[in-house]
Amino acid sequence: MPENTASGNSAPPIANYQWDEIFDVVVVGSGGGALTAALVAARGGASAVVVEKSEFIGGTTAVSGGDMWIPNNRFVKDRDSREDAIAYVTRLSDGRAADPNLIEVYVDSAPEAFEYLLETTGYDSEPHISLNDYYSVIGDRIPGVRHFPRTCAVKPYPAGAELGLELARKINSGPWIPPQEVSFPEQRRGEVGPEELAKRQREGWRAKGGGLIAPLLKELVDLKVEVRTETPAVELVADGAGAVVGAVVTGPDGARRIGARRGVVLACGGFERNAEMVKTFLGYDVKPVTSAPVTGDGHQMAMAVGAKLGAMTGFFGYGVVYDLWEKGRDGNPVPQMLMGLGPGSIIVNQHGNRFMHGGYTYNDFPAPFNFFDQRNPGYTNKGPAWDIFGTKVLDEGILGAKPGIALSLTGPDGQQAPDWVQLAGSIRELAAKINIDPDALEATVERYNQYAEKGEDPDWGDPEQTYSLTGPNVTDRAPITGPTYGAIQQWPGTLGTNGGLRIDQDARVLGYHAPIIDGLYAAGNTSASVLGAVYAGGGSCIGPSVTMGYRAGRHLAGKQSRNIGTVAGQ
């Protein structure tokens, strides 16, 4: 709860600010890293408040799978090693992490943070079945790789019973990883039938990302830490020496100045929905599947007080197609996480040439779209690409994550399929419809089919296995046959940007005017990822977010309060 007087320590005031409220800690954002920072600080005796821009709680974490990549966790420590985990991430990051020393900090701290949540909250976990390190798909070529899961999945949580249905329903949700009341391991074991799913939906259970957010939120409620929705932070308040001493937020009651005697934690997501920042830092169009309010607010506020940036050209990738008929909250088509359409299809660029395979790691899927061709100067593979398919895909339906929806000339309730889903009686006719040279596309499909009929693919090859939302699949090859033939746009997508504020081992933000900006911390996608532009395995975004939130909260809990002034009128 807020205190209406400044700290009673004997240190002189940093500045005679007048505040509307004063806390020890102000946390901006409500994802996994944000709530963990608030929880650890509050359990350590600090007063705290969480401010969230959206009307929903949980940010990108809540709409994700909720996994965390935790090397040497309790489930695998007898088969894992610190040295191998460090070697694995170091090789993948290739020297591009903002601070390579933080790789060791993460490997050492992640199991500790994981155990902290298991011991102090209602969060529960189990290994993510068959979700081995992602680069195990290419064998043992990467040192330290593991052919078993270092990834920890979320067990379902009775959010409705623990928080009340009203608050439980404020936890963010999205259409990308349904159903959100069932864990990935349960789905793969086939343990939850329609009756149990319907019961959980009525009772407000949450799994996946919501199953991580809900128990953290419950612990904050029990600690009387307020989480204020629809309250965006718009500015950091710094004193004359450059220390951050509070934040300005807006909300239903207008602008308020909130003092922070120990510090402000920025954990409010990346910048993937800020078109100008995407163009400036990433350089090409990527389709986000994250929460709409993720617009780089934390980055911009911190830059204004002299924060250093790192790894700003990186992002967590995926492939994206669009749901044919479903609309999101904003009324626009819903992006679906899909990398090609599997056997009986190929991905081609706008010249009709294959340029990637959809069965490798999803984080790397968007990279070929940004390829610059020296021979024909330009970005040869810029989006959209096209998934080319035949009757096999038509018969089975394209949206494997949404059973029962098949692609046809008309969709549910007789709605016409959108123009960008093209169907034709021949490859040449299809090529003309999508503005690709017919000879080129016909030659590409013909060559692919010649080998696919023999179970071969010498032009690309296949990984040892692919990964989908429903589980790993042994790669199968099938020719593209018709009629009918089809094409659907394939885009590079992002699960979030991973470049941001440079931090030290305690998540303190580094600055240009001072080595460390006193009172400013960052975690999650607001910070430069401690793993670099690397997705080592499932949960390589949330694991670092929670771990650095844990370290930030621990540092804040042990920090001396500063005398920053008083509440106005006191």
Side-chain angles (χ1 to χ4, degrees), residues 31-37 39-40 61 64-93 97-121 123-128 131-135 144-146 148-155 209 211-213 215-216 265 267 316 363 496 498 503-508 521-555:
L35 296 190
T36 300
L39 168 62
V40 177
T61 302
S64 75
D67 288 340
M68 291 193 283
W69 187 76
I70 310 288
N72 296 310
N73 69 72
R74 61 165 63 180
F75 306 119
V76 301
K77 60 184 179 182
D78 60 332
R79 297 178 288 165
D80 206 354
S81 77
R82 174 183 186 271
E83 293 73 24
D84 279 355
I86 292 170
Y88 179 55
V89 177
T90 299
R91 164 62 178 81
L92 292 176
S93 63
D99 183 351
N101 294 323
L102 293 182
I103 294 172
E104 294 190 28
V105 171
Y106 178 72
V107 170
D108 291 338
S109 302
E112 181 181 331
F114 180 59
E115 290 297 321
Y116 182 91
L117 296 189
L118 290 170
E119 293 168 4
T120 62
T121 76
Y123 166 74
D124 201 2
S125 180
E126 63 180 312
H128 192 136
L131 193 61
N132 304 339
D133 281 349
Y134 282 165
Y135 290 90
V145 68
R146 287 292 184 265
F148 55 76
R150 282 165 163 156
T151 297
C152 300
V154 180
K155 287 188 177 181
L212 171 59
I213 292 298
L216 299 182
V265 181
F316 300 113
N363 187 57
N498 63 5
I503 56 175
D504 73 355
Q505 64 181 11
D506 292 311
R508 297 181 297 176
Y521 299 73
N525 291 354
T526 310
S527 65
S529 174
V530 296
L531 300 183
V534 169
Y535 217 84
S540 293
C541 175
I542 298 173
S545 176
V546 166
T547 298
M548 298 315 292
Y550 166 79
R551 292 190 65 94
R554 190 176 66 179
H555 191 270

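The analysis underlying the following values was restricted to heavy atoms, covering all of them including side chains, and did not include hydrogens, waters or symmetry mates.
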Minimum heavy-atom distance [X]-[Y], with the two atoms named:
X	Y	answer
C541	N525	SG-OD1, 3.5 Å
T151	G538	OG1-O, 2.8 Å
F114	C152	CZ-SG, 3.7 Å
A552	Y521	CB-CD2, 4.1 Å
Y135	Y535	CE1-O, 3.6 Å
V40	R554	CG1-N, 3.4 Å

How would you list, by chain and number, every residue that makes a side chain to side chain contact (heavy atoms under 4.5 Å, CB included) with [X], sequence neighbours excluded?
X	answer
P127	F75
T547	Y106, S109, A110, A113
P149	N132
T121	L39, L117, Y123, P215, L216, E219

Between [X] (side chain) and [Y] (backbone), is there a donor-acceptor pair under 3.5 Å?
X	Y	answer
N73	R150	yes
T90	A87	no
S527	S529	no
S545	G33	yes
D67	G539	no
D504	D506	yes
S125	A153	yes
R146	R79	yes

Self-check item: Sequence-distant partners of Y116, ring-ring contact (aromatic ring centres under 6.0 Å, His included), two or more places apart
Solution: Y550
Interatomic spacing from [atom1] in [X] to [atom2] in [Y] - rounded to 0.5 Å:
X	Y	atom1	atom2	value
L102	I503	CG	CD1	6.0 Å
W69	L131	CH2	CG	12.0 Å
D80	I70	CG	CD1	11.5 Å
E126	R74	CD	CZ	12.5 Å
R508	M548	CZ	CE	11.0 Å
Y134	N363	OH	CG	9.0 Å

Quiz prompt | Pairing residues for R82 by the side-chain hydrogen bond (donor to acceptor under 3.5 Å, both in side chains) criterion, not counting sequence neighbours | solution = E104, D108
Quiz item: Any side-chain heavy atom of V105 within less than 4.5 Å of one from V530?
Solution: no
